[in-house]
Number of protein chains: 2
Amino acid sequence: MAQKSVLRYIILGLLAQQDLAGCDIKKMFEGELGDFWHSNHSQIYPELRKMETDGLIEYHTVLVGKKQEKKVYTLTAAGEELVSDWLHKPLNPLLPTRDEFTMKLFLLNDRESPLVRKLFREEIARHEEKCLYLQNRWQLLFHNEAEQAQHYGHACILKHAIEREQDRLKWLKTEYASLTQ
Amino acid sequence: MAQKSVLRYIILGLLAQQDLAGCDIKKMFEGELGDFWHSNHSQIYPELRKMETDGLIEYHTVLVGKKQEKKVYTLTAAGEELVSDWLHKPLNPLLPTRDEFTMKLFLLNDRESPLVRKLFREEIARHEEKCLYLQNRWQLLFHNEAEQAQHYGHACILKHAIEREQDRLKWLKTEYASLTQ
DNA sequence: TTTGGCATGTAAGCCGTTACATGATTTA
DNA sequence: TAAATCATGTAACGGCTTACATGCCAAA
């Protein structure tokens, strides 16, 4: 119940590209994937266990140093099938945005309130920060076209995220300007 | 833990505008608010109880028919203060999008795959549907300017939601076109 | 040799969904 | 009078976060 375990499919999808240990998955959520999805290690490790119990993945241990072991997981045939099924399945219905700015604006509901102007300034600031951050990542990862072609999906969603931030900023600034005149 | 209870603040914010019973709040989530936030009645009623225990709200019973009672809640001074604090508090950091389309695109990662084209078509379809729905709601609620002025916050976020859908559709169609050429 | 990071794991507790449940009321 | 809706509630359970915890390793 609650929300369907999308995390399971994402881990399977990552493992379909390459074998990974729990900490590798953790690092992906902290790095390249972090703008789009996130999970803590305290959720990742139990999920890996469950998936192994369910026969979707297997692991072999690899030594780090002389004693420390890491478990590197590989998809089984059943796991490959499940992730393929998920990728073929239609997208679920769109969820409500659940955005804090949106809700505050709805609740304030007063064009003249100084709080509304403050809210817009905050929202503009945090999206400008995010926009810059994403643009830096684009420069870092995809400044040459070969990289873009090789990591099509990643390049695509990053480009999209940047455009979304820019569109949002444009709207925010237009609306803010109309407030202060 | 988990997520901070934004629901609590939203209920307080709604009650700051007018007194409401649990089922009224439920109806708001099913109607005008549903595009931006949602909660089930099985979460609303216990939350109202807790808020009453915490002294944030009070209720008086109103008869519906001859026997059935509904509890109409009112903000206390403490409740007013808490919702005001929340509205004054800076916005929380932006969360990862956790969007299914985005994750599938990231995981497929192959420009030539027919699955990617299918994914784009699905995403275009569901956003076109949503866009039309929102435009109809705008027509219904805000076709005259008096309504827009009176419900500034609502009009604002609805207008914004429509623009966001349009921007997203524009991007999706451009990208899809570049895929199929 | 100490400090920070690597790699893995468990426990407590709130959030949110689905399902179960009841009595009253309106409507066809 | 039967069916749908109103109004309120409880129970079970998975998702997700925060915090607690351990042993090993590399670098300063």
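Chain letters run A, B, ... following the sequence lines, proteins first and then strands; every chain starts at 1. Just the heavy atoms: all of them, side chains too, but no hydrogens, waters or symmetry mates, feed the values below.
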Quick check on D/dG9: is either OP1 or OP2 less than 4.0 Å from any side-chain nitrogen or oxygen of B/Y45?
no
With a cutoff of under 4.5 Å between side-chain heavy atoms, which Ile, Leu, Val, Met, Phe, Trp and Tyr residues group with A/V62?
A/V72
Which parts of residues 7-20 of chain A get close to DNA chain D, meaning a heavy atom less than 4.0 angstrom away?
none
Does D/dG9 have OP1 or OP2 under 4.0 Å away from a side-chain N or O of B/K71?
yes
Could you check whether the rings of A/F106 and B/H154 sit parallel, tilted or perpendicular, using 30° and 60° as the cut-offs?
perpendicular
May I ask you to decide if B/N92's main-chain N or O and A/E100's side chain share a donor-acceptor pair within less than 3.5 Å?
yes
With the side chain defined as heavy atoms from C-beta on, B/K70 is closest, among D/dA7, C/dA19, D/dG15, to D/dA7
Taking the six-membered ring of A/W171, is NZ or CZ of B/K159 closer than 6.0 Å to its centre and within 45° of its axis?
no
B/L48 has an atom CG; how far is it from atom P of C/dC15, in whole Å?
14 Å
Atom-pair distance (CZ on B/F29; C1' on C/dG16), nearest Å
12 Å
I'd like to know if the side chain of B/N109 reaches the main chain of A/G153, judged simply by a donor and an acceptor atom lying under 3.5 Å from each other, with no hydrogens or angles considered.
yes
Using the C1' atoms of five pairs at each end, what's the angle between the two axes of the helix from C/dT1-D/dA28 to C/dA28-D/dT1, to 10 degrees?
30°
Short side-chain N/O contact to D/dT17 OP1/OP2 from A/S42, under 4.0 Å
no
Nearest-neighbour nucleotide for the A/Q43 side chain, C/dT8, C/dT17, D/dG15 considered
D/dG15
Atom-pair distance (CD1 on B/I25; C1' on D/dG9), nearest Å
15 Å
Quick test of your reading of the model: are B/R137 and B/E32 salt-bridged, counting only N-O distances below 4.0 Å?
no
Does CD belonging to A/E81 count more than 12 external heavy atoms closer than 6.0 Å?
no
For A/E30 and C/dG5, give me the distance from atom CD to atom P, rounded to whole Å.
12 Å
Looking only at side-chain N and O atoms, does A/Q68 come under 4.0 Å of OP1 or OP2 in C/dA7?
no
For B/Y59, does the OH atom sit with more than 12 other heavy atoms under 6.0 Å from it, leaving out its own atoms?
no
What is the separation between atom CG on A/D54 and atom P on D/dG14, rounded to the nearest whole Å?
12 Å
Can you work out whether B/Y73 or A/K67 has the more 5'-proximal nearest nucleotide on DNA chain D?
B/Y73
If you pin A/K50 and A/K66 to their nearest nucleotides in DNA chain D, which one's is more 5'?
A/K50
Respond yes when some side-chain nitrogen or oxygen of A/N40 is under 4.0 Å from OP1 or OP2 of D/dT17, and no when none is.
yes
Which label fits B/W138 and B/F142: parallel for a plane angle under 30°, tilted from 30 to 60°, or perpendicular past 60°?
tilted
Take the protein atom CD of A/E47 and the nucleotide atom P of D/dG15, then report the distance between them rounded to whole Å.
7 Å
Atom-to-atom span, NZ of B/K26 to P of C/dG16 - whole angstrom
19 Å
From CD of B/E52 over to P of D/dG9, roughly how many Å is that when rounded to an integer?
10 Å
Donor-acceptor pair, distance only, cut-off 3.5 Å: does the side chain of A/T61 make one with the backbone of A/K71?
no
Short side-chain N/O contact from B/K27 to OP1 or OP2 of D/dA7, under 4.0 Å
yes
